[in-house]
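To keep things clear, I will list the structure first and then write my remarks on it.
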Amino acid sequence: MTLARAPFPFRQFVVKVHGRCNLSCRYCYLYEGPDQTWRDRPSAALPEVLDATASRIAEHAAQHRLRALSLVLHGGEPLLAGAERLARFTERVRTEAPGGCTVHATVQTNGTLLTARRVDVLARHGIRIGLSLDGGLAAHNARRVDGAGRPSWPAAVRGARLLAERCPESYAGILAVVDPVTEPVEWYESLLALRPPVLDLLLPHGNWSAPPPHLGPKTTVADRVTTPYGDWLCAVFDRWWGAGRRETKVRLFEECIALLLGLRAGTESLGLAPFDAVVVETDGSIEQIDSLKSAYDGAARTGLDVFRNSFDDALGHPGVVARQAGAAALGAECRVCPLLEVCGGGHYAHRYRAGYGFANPSVYCVDLQRFIRHVAGRVAGAATAPNAVLTGTFVPQGAT
């Protein structure tokens with residue numbers, strides 16, 4: 001097996017403008033997980049870090065003639081740095097980017113610090129706002145608390161409603177982690193009430209050595225006989241699909257359908273699209289994506305930084321090379337699976353097993369099989385139904 005192929009340039013630059021959070025969520029893999037490198041980094045990125053980062057992004061965009069790139073202002077809680085500082089950095093990136101390259105900027109926030117003034121500042125500078133929530137009800141967010149154990153929900157829902165009402169064109173959507181204990185349709189409809197244009201559904205980070213909640217200490221795919229996450233996703237999909245109109249985009253669902261139809265698509269959770277995201281930490285370190293930190297201490301580390309290294313240097317890191325190798329980086333079990341082109345082996349971080357690395361099926365393998373086969377059945381049924389109009393709910397990317 002060889003992993004050699006031409007590197008695919010980074011198109012998504014995740015910049016940790018602030019490395020601390022105003023919440024202390026009880027399940028947070030970033031601050032409560034095995035990787036504790038955040039403790040040794042500055043709480044906020046210094047101006048020289050942001051300046052060097054902007055220059056390195058421009059360098060990479062010019063080198064690879066990028067027509068567009070995504071700038072994700074992240075944390076921690078990035079609004080702790082102040083909306084004005086986020087705006088200044090974004091303008092610096094846009095100013096340095098080569099002509100013809102569009103910079104799409106987004107801030108990912110827990111919503112608790114959103115105010116009318118901050119929303120206005122971000123909107124004025126073309127920065128879209130994405131929210132991270134656990135659901136649309138207080139009960140769904142009970143584990144999202146501040147350092148004193150106080151609930152974050154009142155402030156978060158206030159921020160979500162403010163954004164939807166004051167500046168809907170800047171509303172990027174809601175990122176939410178699946179919890180199979182919640183009632184799926186109630187959960188989905190509670191988030192619809194917050195009027196997100198897009199929902200990103202993520203499976204909780206876990207792996208074979210540290211299984212996610214509700215999966216138990218299973219050691220192989222064959223040991224998995226129940227599919228709590230797959231069943232939950234199927235229930236939400238049926239509610240979304242059966243609405244008769246697109247109430248909101250659900251990225252996981254639309255990407256799954258596109259892949260089933262043979263279209264070019266892919267997220268970190270599905271498909272074989274080349275990995276194209278890179279992280280800059282508050283000290284200027286260039287790292288792989290944060291989700292790897294759920295596997296083991298130092299899993300995201302590259303040893304590179306924006307002062308001494310280009311992003312092209314990061315493209316040569318073994319971890320990035322492996323993530324861009326497609327099916328060649330997967331284990332034998334995945335490479336012969338009939339769902340390979342759609343599943344893609346699942347999320348990279350979810351394949352980890354201590355002592356064996358990442359060349360394993362996802363710890364969610366059977367849940368993903370359950371979900372993908374269910375979606376395939378619904379799409380096939382719709383396509384063969386009399387007077388079927390598949391695009392009534394779904395317009396796949398690249399199809400227009």
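This is a predicted model, so every value here is computed, not measured.
With Tyr29 contributing its side chain and Asp35 its backbone, the two residues share no donor-acceptor pair below 3.5 Å. Using modelled atom types, one side-chain atom of Asn207 and one backbone atom of Ala210 make a donor-acceptor pair closer than 3.5 Å.
Asn22 and Asn110 are linked by a side-chain donor-acceptor pair at a separation below 3.5 angstrom, with hydrogens and angles left out of the test. Side chains of Thr37 and Arg41: a donor-acceptor N/O pair is present below 3.5 angstrom, by distance only. Judged purely by distance below 3.5 Å, without hydrogens or angles, the side chains of Arg20 and Tyr31 never pair a donor atom with an acceptor atom. With 3.5 Å as the limit, one finds a donor-acceptor pair spanning the side chains of Ser55 and Glu96.
Annotation: side chain of Leu122 is in contact with side chain of Leu79 (closest heavy-atom distance under 4.5 Å). Side-chain contact check for Phe253 versus Leu201: some heavy-atom pair is nearer than 4.5 Å.
Counting heavy atoms of neighbouring residues, nucleotides and ligands inside a 6.0 Å radius, atom CZ of Phe307 exceeds 12 of them. For Arg161, the CZ atom is loosely surrounded, since the number of other residues' heavy atoms within 6.0 Å does not exceed 12. Remark: Glu183 CD is packed, more than 12 non-hydrogen atoms of other residues, nucleotides or ligands lying under 6.0 Å away.
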Walk me through whether Arg117 and Asp120 qualify under salt bridge (charged side-chain N to carboxylate O under 4.0 Å, His left out). CA-CA 5 Å; Arg117 185 186 63 80; Asp120 290 346; over 6 Å; no
Stepwise salt bridge (charged side-chain N to carboxylate O under 4.0 Å, His left out) test for Arg118 and Glu84: CA-CA 8 Å; Arg118 288 171 180 153; Glu84 290 81 2; over 6 Å; no
Output, in order, the C-alpha distance, side-chain angles, deciding distance and verdict of salt bridge (charged side-chain N to carboxylate O under 4.0 Å, His left out) for Glu91 and Arg124. CA-CA 11 Å; Glu91 291 306 316; Arg124 188 163 60 249; over 6 Å; no
Pair Arg251, Thr267 - check side-chain contact (heavy atoms from CB on, under 4.5 Å), show working. CA-CA 8 Å; Arg251 201 181 311 276; Thr267 65; 4.3 Å; yes
Pair Arg264-Glu255, salt bridge (charged side-chain N to carboxylate O under 4.0 Å, His left out): steps then yes or no: CA-CA 9 Å; Arg264 182 179 180 180; Glu255 295 292 315; over 6 Å; no
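With respect to Glu254 and Arg246, a salt bridge is recorded, a charged nitrogen being found less than 4.0 Å from a carboxylate O. Salt bridge annotation for Glu247-Arg239: present, with a cationic side-chain nitrogen under 4.0 angstrom from a carboxylate oxygen. Note on Arg128 versus Glu169: no salt bridge recorded, every NZ/NE/NH1/NH2 to OD/OE distance being 4.0 Å or above.
To the nearest 0.5 Å, atom CZ of residue Phe89 and atom CG of residue Leu73 are 7.0 Å apart. A distance of 8.5 Å separates CG in Leu272 from CG in Leu259, rounded to the nearest 0.5 Å. Put simply, OG1 on Thr227 and CG on Asp367 are 5.5 Å apart, with the number rounded to the nearest 0.5 Å. Atom CD of residue Glu281 and atom CZ of residue Arg301 lie 10.5 Å apart, to the nearest 0.5 angstrom. Interatomic distance, Leu133 CG to Leu199 CG, rounded to the nearest 0.5 Å: 10.0 Å.
The aromatic ring centres of Tyr229 and Phe371 sit 6.0 Å or more apart. Phe8 and Phe275 have their aromatic ring centers separated by at least 6.0 angstrom. Residues His74 and His18 keep their aromatic ring centres 6.0 Å or farther apart.
Residues Val250 and Tyr188 share a closest heavy-atom pair of CG2-CE1, 4.2 Å.
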